[in-house]
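The structure appears right after this line, and notes come after that.
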Amino acid sequence: MKTKITALLAVLFISISASAQLDRSKQPKAGPAPTITLEVPGEFELKNGLKVLVVENHKLPRVSYSLTIDNQPITEGDKAGVSAMLGAMLGNGTTNISKDVFNEEIDFLGARLGFSSDGAFASGLSKYSDRILELMADAAMNPLFSQEEFDKEKERLLEGLKNNEKSVEAVADRVGSALSYGTKHPYGEFLTEETVNNISLDNVRAFYQKYFNPNNAYLVIVGDVDFRTVEKQVKKYFKKWDKGIDFTTNLVKPNPNVASTQITFVDMPNAVQSNVTLTNNVELEMNNPDYHAVLIANKILGGGFNSYLNMNLREANGWTYGARSSIGTSRYGASRFTASTAVRNMVTDSTVIETLKEIKRIKNEPVTAEALANAKAKYVGDFVLALESPQTIARYALSIKLNKLPSDFYKTYLSKINAVTIADVQRVANKYFKPENARIIIVGKGSDVIPGLEKTGVPIKYFDKFANPVAKPEFSKPIPDGVTAKSVLDKHITAIGGAANIAKVNTVKMNGDVTIEGVPIALKVEAKTMTNPNKESMEMTAEGMGTLMKQKWDGTTGYREQQGQKMPFSEDEINEKKSDLGLFAETKFDLANVTLESIVDIDGKDNFKVKVMSNDKASYRFYNVETGLLSQVESTSKAQDQEVTTTIKYDNYSEVNGVKFPYGQTIIAGPQTISMNFKNVKVNEEVTEADFK
């Protein structure tokens, strides 16, 4: 044991000595780059123009097929969305095999098969490779375009558009692309309900005939296959794929960068946090000599957890769950540099200032030798690790062809990464990161964030959710004479049934469905409440999985239980629950703690904004001006040393025993959205004291 301890101390001493002798003020000399040996894929080409790359790898009995149709970008005009419709309809059967039979066979083979408007992907066991390839070819060459399937996919696409109407992220992406490239450019064009409704089944067929052909297509095959066998299979199944008519696109130039920094603001009153994206256009191709230096510069600025942006906005200030930057490449002279994050409303203006500061920092101050070395090490590690996948070899080979790269591009990749200097980082940062010519696109709740943004001194231009310029919105309207906090609360009480009917409610039981964004599991919720005193029970279940989570409050103490782990409420949680007024809080408020602040827009409707103080904490309640019903409640709490704003939205009020209850409730907390759709509400039934234990 003594020998082991002595040896350990010796190693520790050597490590400390080495660290002490390291001069961190000087950039360390890069060691020799690892020698990269890339397998060269086998290649052949069919007479119709289909080019095939084959990478044999016999480690696992699997094979994958990736079809890429390398057409120039195109615009779809008043039928924007036709390519999305085509992608959704491809792979749903063929003229030779019905949809159900086709999908059943794919499942039977244990295979995967998916299509887009410009390609396809299939994979499965190599012993079924011949049939998988045959099915993929049949679906690509003989698609089944039925009116029934068209109507179904069109409805699904329209439903997706409606869902995105309230998505801050979707609006930010759409406006950012439209303003950066222009709506007449393929990268800036977007689909709308109107353009989707313009599309017919014949339009989809015509689009397929013109653009889905082998002229510019590449088929990459990777896995446990034999080159000569593959060659015979591809020729057998794809030789009848007719070559289409060659076409060229006259691409319009993307919009120029703005002359000076400006804020592009889109008001979304339903937003619980702001999406902030600084962006400027760049022209950068992979064969540009700056390419590797740009990768390193972006990694240091915002390409990883330890980047300038993330360490400032997340780690130092706790304003966000993450801040990132990226820079794209394009063969068509149209790409963007972006630095983006999502933050709570009250720090939107500070986020703008700090984002600009960090970008100016990498432009004006040389990065440290340590930051440069760390960025290089990350790229080297990721690159070497990726080489273990045969798909990587195929992807690199295809990239060389599509981007017209030198044949040794990836063999010399690491040596070029290691050759990047501190001076290179500063040079390319000044060339490609252009805050002085950038739009800072902010999508958020204008009534909360505009006063602070105006103080930054950065000019603000206003746009709607479809990138059209608009006048500055009216964020707050004057309160009519005679309207007070009490009159707003009284109107709400009357709207839901009146004080007399409310007083008769002793217990409430609600059952419904739950949807958690990003969780593909059907969930059920049962909520029980007692009004005097306030007691609560909530249980969430999943079919076949039993109870996933429960929470109980008996008026004195409580707990939550998840995955068999029972956690009693903390003292702070108990105090918070004791101050919670529960159902029909409006009948119990101390009016001395209630303030009517303004009239604001929520989802296109005027709402009274009422501030309620409790235990020195403020929450905000919003009541529809016309109906008097509660629309929304906002509160702020701390979680993991970060402030999180929680918004609960109420809708679909229905009457039970003379009292209206919101059957629709949506909870938004940070990045998480939980939607509850109650199906059944019972008053003064099926609730006992035992339910809260």
Side-chain angles (χ1 to χ4, degrees), residues 166 265-272 274 345-346 348-349 444-455 460 462 464-465 470-503 579-636 645-655 658-662 664-665:
K166 295 181 181 179
F265 189 81
V266 180
D267 183 36
M268 287 189 67
N270 66 299
V272 296
S274 300
N345 294 336
M346 68 180 67
T348 303
D349 52 337
K445 188 174 181 179
S447 58
D448 285 356
V449 305
I450 285 299
L453 289 174
E454 289 177 335
K455 294 176 183 177
I460 303 173
Y462 296 90
D464 66 14
K465 292 188 285 188
V470 295
K472 180 180 178 179
E474 187 178 12
F475 296 121
S476 181
K477 298 179 181 179
I479 299 170
D481 291 340
V483 177
T484 65
K486 184 178 185 304
S487 69
V488 170
L489 299 181
D490 287 345
K491 184 174 182 178
H492 171 74
I493 292 169
T494 301
I496 63 173
N501 284 334
I502 291 172
S579 64
D580 186 0
L581 299 178
L583 284 178
F584 316 121
E586 288 78 6
T587 64
K588 308 166 189 174
F589 283 144
D590 180 351
L591 290 177
N593 297 325
V594 181
T595 307
L596 175 59
E597 292 202 336
S598 60
I599 296 177
V600 299
D601 182 291
I602 294 180
D603 298 333
K605 303 289 185 181
D606 284 346
N607 278 257
F608 290 115
K609 181 180 180 181
V610 175
K611 179 180 179 181
V612 180
M613 295 298 300
S614 177
N615 294 336
D616 296 325
K617 291 175 64 176
S619 63
Y620 296 90
R621 303 173 77 88
F622 299 84
Y623 299 90
N624 185 288
V625 169
E626 183 178 348
T627 67
L629 295 173
L630 179 67
S631 302
Q632 185 169 300
V633 175
E634 292 180 3
S635 59
T636 301
T645 297
T646 299
T647 299
I648 306 176
K649 304 175 78 69
Y650 301 94
D651 58 20
N652 192 22
Y653 279 83
S654 295
E655 185 179 313
V659 178
K660 288 184 177 180
F661 294 87
Q665 298 183 24

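What you see is a predicted model; the values in this text were computed from it and never measured.
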Residue pair [X] / [Y], side-chain heavy-atom distance below 4.5 Å:
X    : Y    : result
T636 : T646 : no
K605 : V625 : no
F584 : I493 : no
D490 : S487 : no
D580 : S614 : no
L581 : F589 : yes
E655 : I496 : no

Can you see which heavy atom on [X] is nearest to which on [Y], and at what distance?
X    : Y    : answer
K445 : A271 : CB-O, 3.7 Å
K588 : L583 : NZ-O, 3.2 Å
V600 : F475 : CG1-O, 3.8 Å
T627 : A495 : O-CB, 3.3 Å
V488 : V483 : CG2-CG1, 3.8 Å
A485 : V594 : CB-CG1, 3.8 Å

As a quick check of understanding, evaluate salt bridge (Lys or Arg N to Asp or Glu O under 4.0 Å) for K486 and E586, giving each step before the final call.
CA-CA 9 Å; K486 184 178 185 304; E586 288 78 6; over 6 Å; no

Are N607 and S631 linked by a side-chain donor-acceptor pair shorter than 3.5 Å?
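Side chains of N607 and S631: pair found under 3.5 Å.
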
To the nearest 0.5 Å, tell me how far [X] [atom1] sits from [Y] [atom2].
X    : Y    : atom1 : atom2 : result
F265 : Y462 : CZ    : OH    : 7.0 Å
I648 : S635 : CD1   : OG    : 6.5 Å
F622 : I602 : CZ    : CD1   : 5.0 Å
M268 : D464 : CE    : CG    : 11.5 Å
M613 : N593 : CE    : CG    : 7.5 Å
D601 : D267 : CG    : CG    : 7.0 Å

Begin with the C-alpha distance, continue with both residues' side-chain angles, and end with the deciding distance and a verdict on side-chain hydrogen bond (donor to acceptor under 3.5 Å, both in side chains) for S274 and T348.
CA-CA 7 Å; S274 300; T348 303; 2.8 Å; yes

Test side chain to side chain contact (heavy atoms under 4.5 Å, CB included) applied to V610 and E597, step by step
CA-CA 6 Å; V610 175; E597 292 202 336; over 6 Å; no

Looking at Q665, Q632, E634, which hits side chain to side chain donor-acceptor pair (under 3.5 Å) with K649?
Q632

Are D606 and K477 close enough for a salt bridge, meaning some N to O gap below 4.0 Å?
yes

Worked verdict on K455 versus D349 for salt bridge (Lys or Arg N to Asp or Glu O under 4.0 Å)
CA-CA 8 Å; K455 294 176 183 177; D349 52 337; over 6 Å; no

Cation over ring, K609 on Y620, under 6.0 Å and within 45°?
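Yes, K609 sits over the ring of Y620.
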
